[in-house]
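The structure appears right after this line, and notes come after that.
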Amino acid sequence: MDMNIQKYMAFVKTVEYGSFTRAAEMLNYSQSGISRMINDLEKEWKVVLLERGKSGVKLTSDGMKLLPYAKNVCMEYEKLQMEVDELNGLQSGLIRIGTFSSVATHWLPNIIRNFQQAYPGIDYELLLGDYMEIEEWIADGRIDCGFLCLPARPEFETCFLEQDRLLAVLPENHPLAKYEKIPVAALCDEPFMLLEKGAKTEISEIFERCNLTPKIHFTTWDDYAIMSMVESGLGISILPELILKRVPYRIVAKELDVPAYRKIGIALRNRKNDSLAVKRFLDYLQYR
């Protein structure tokens with residue numbers, strides 16, 4: 001790779017991750033190597049790009065002005081590499097995927113294993129987050145594609161993959177466990193564990209549709225923390241069916257009297273600009 005491109009990538013990734021160390025890990029350089037490349041850029045451009053501190057690095061005003069141009073150079077270089085890959089066939093590549101825990105746990109291992117049988121030279125980078133974080137990563141170009149609850153942002157290209165039921169989750173000996181279907185109203189009588197972080201999710205929308213207000217005692221984006229709390233008798237919850245597969249907790253999952261689902265899909269900014277590896281991965285997902 002051209003040395004100047006390496007320097008630009010070092011600059012962009014250091015800003016993206018907020019530290020020389022993390023940028024070095026992602027680009028397979030030493031921390032000192034990344035620091036030297038950015039120092040070289042600052043000498044060449046006669047500006048200070050980053051403020052260094054104990055808590056990490058942050059952009060100077062000059063760095064803020066130059067960052068978009070450095071990003072564009074890196075993006076154009078990646079497009080060039082995509083064209084080279086197209087000409088030479090899919091022998092190598094990197095797919096950066098944003099995902100949430102249930103997909104990461106129950107879908108991706110099999111998806112990647114099967115995809116690797118056809119394309120063994122592909123590497124993967126997985127980022128775990130909530131729906132809002134994954135959307136931000138897609139918009140910023142941090143990831144190539146991301147699993148989301150649909151609908152997503154209108155500017156994204158999306159593909160529906162599967163409908164996932166939302167189920168009431170109770171301790172094993174809970175009185176409501178005798179019901180075949182749990183009334184949503186009954187879930188408002190006890191402490192409720194809400195799977196949410198930041199923006200409202202489909203679980204909050206269930207109560208809003210029914211004009212009900214649960215007694216929320218605990219809010220987190222950690223599915224397993226909620227299952228553990230429910231098992232301990234600290235409350236009840238609603239969770240997606242996908243995350244409830246093969247769980248070690250002594251809990252009961254029941255249908256709701258008002259059927260509720262989340263639509264899982266894959267989203268990206270623009271398929272035309274994606275690498276051959278990402279295009280093949282997306283094709284594979286649709287026909288998995």
Side-chain angles (χ1 to χ4, degrees), residues 98-107 127-137 146-154 156 158 160-267:
T99 182
F100 44 91
S101 58
S102 53
V103 167
T105 303
H106 298 293
W107 278 10
L127 266 68
L128 199 65
D130 62 32
Y131 304 144
M132 284 184 65
E133 287 173 325
I134 294 168
E135 286 194 341
E136 287 296 325
W137 294 335
F147 290 92
L148 287 172
C149 182
L150 301 180
R153 293 188 189 183
F156 292 164
T158 61
F160 169 75
L161 296 174
E162 192 166 302
Q163 193 161 263
D164 189 19
R165 287 193 304 173
L166 299 172
L167 303 175
V169 181
L170 316 162
E172 275 187 340
N173 299 318
H174 195 280
L176 290 175
K178 64 184 179 183
Y179 288 85
E180 185 176 341
K181 295 185 178 181
I182 307 296
V184 175
L187 299 177
C188 298
D189 296 333
E190 300 188 41
F192 191 83
M193 309 290 165
L194 180 63
L195 182 68
E196 193 167 273
K197 178 182 174 183
K200 289 182 180 178
T201 64
E202 61 279 349
I203 295 170
S204 289
E205 290 170 0
I206 295 170
F207 292 104
E208 288 184 359
R209 284 204 313 269
C210 299
N211 293 315
L212 296 169
T213 304
K215 299 175 182 176
I216 299 170
H217 279 220
F218 186 76
T219 304
T220 181
W221 190 244
D222 188 331
D223 322 77
Y224 295 101
I226 286 180
M227 286 185 265
S228 180
M229 295 279 189
V230 171
E231 181 187 52
S232 298
L234 297 175
I236 56 182
S237 189
I238 295 174
L239 291 175
E241 186 173 19
L242 183 59
I243 198 62
L244 294 167
K245 295 180 179 179
R246 303 196 308 272
V247 296
Y249 301 98
R250 296 186 301 277
I251 55 177
V252 174
K254 292 278 186 172
E255 285 187 59
L256 298 167
D257 65 341
V258 178
Y261 304 87
R262 65 173 177 175
K263 294 180 179 179
I264 300 175
I266 193 82

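Small disclaimer: the values here were computed from a predicted structure and weren't measured. One is the number of the first residue; the rest follow in order along the sequence.
- For Lys254, the NZ atom is densely surrounded, since the number of other residues' heavy atoms within 6.0 Å is greater than 12.
- Among residues two or more places apart in sequence or in another chain, the side chain to side chain donor-acceptor pair (under 3.5 Å) test is passed with Ser102 by Arg262.
- Note that CE of Met193 and CD1 of Ile226 are 8.0 Å apart. Values are rounded to the nearest 0.5 Å.
- Of the inter-residue distances, the one linking Ile206 atom CD1 with Ile238 atom CD1 reads 4.0 Å to the nearest 0.5 angstrom.
- The CD1 atom of Ile134 lies 10.5 Å from the SG atom of Cys149; values are rounded to the nearest 0.5 Å.
- Note that CG of Leu148 and CD1 of Ile266 are 7.5 Å apart. Values are rounded to the nearest 0.5 Å.
- Counting heavy atoms from C-beta on, the side chains of Asp257 and Val184 come closer than 4.5 Å.
- Among residue pairs with one or both ends in residues 217-240, those qualifying as side-chain hydrogen bond (donor to acceptor under 3.5 Å, both in side chains) are Ser101-Asp223; sequence neighbours excluded.
- Residues Pro191 and Phe218 have side chains not in contact (no heavy-atom distance under 4.5 Å, counting atoms from C-beta outward).
- With contacts defined as side-chain heavy-atom distances shorter than 4.5 Å, the pair Leu234/Pro171 does not qualify.
- Taking both residues in full, the closest heavy atoms of Arg209 and Pro259 are given as NH2-O, 4.0 Å, listed atom of the first, atom of the second, then distance.
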request  = Show the numbers, then the answer: is there a ring pair (Phe, Tyr, Trp, His ring centres under 6.0 Å) between Phe100 and Tyr131?
outcome  = CA-CA 7 Å; Phe100 44 91; Tyr131 304 144; 5.3 Å; yes
In residues 173-183, what donor-acceptor pairs under 3.5 Å come from side-chain atoms, sequence neighbours left out?
unit_1: His174; atom_1: ND1; unit_2: Leu176; atom_2: N; d: 3.0
unit_1: His174; atom_1: NE2; unit_2: Glu190; atom_2: OE1; d: 2.9
unit_1: His174; atom_1: NE2; unit_2: Glu190; atom_2: OE2; d: 2.6

request  = Carefully, step by step, assess Ile203 and Phe192 under the rule side chain to side chain contact (heavy atoms under 4.5 Å, CB included).
outcome  = CA-CA 11 Å; Ile203 295 170; Phe192 191 83; 4.2 Å; yes
Could you pull out all donor-acceptor pairs under 3.5 Å where a side-chain atom in residues 241-249 meets a protein atom, sequence neighbours excluded?
unit_1: Glu241; atom_1: OE1; unit_2: Arg165; atom_2: NE; d: 3.0
unit_1: Glu241; atom_1: OE2; unit_2: Arg165; atom_2: NH2; d: 2.9

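- One distance of note links CH2 of Trp107 with CZ of Phe147; it measures 7.0 Å at 0.5 Å rounding.
- Scored by the side chain to side chain contact (heavy atoms under 4.5 Å, CB included) test, Arg153 finds Glu135, Glu136, Ala139, Glu155, Phe156 as partners (sequence neighbours excluded).
- Ala104 and Thr99 get closest at one heavy-atom pair: N-OG1, 3.5 Å.
- Considering all non-hydrogen atoms of both residues, Glu202 and Leu166 come closest at CG-CD1, 3.5 Å.
- Between Leu187 and Pro214 the shortest side-chain heavy-atom distance does not fall below 4.5 Å.
- The distance from the CG atom of Leu150 to the CD atom of Glu162 is 12.0 Å, given to the nearest 0.5 Å.
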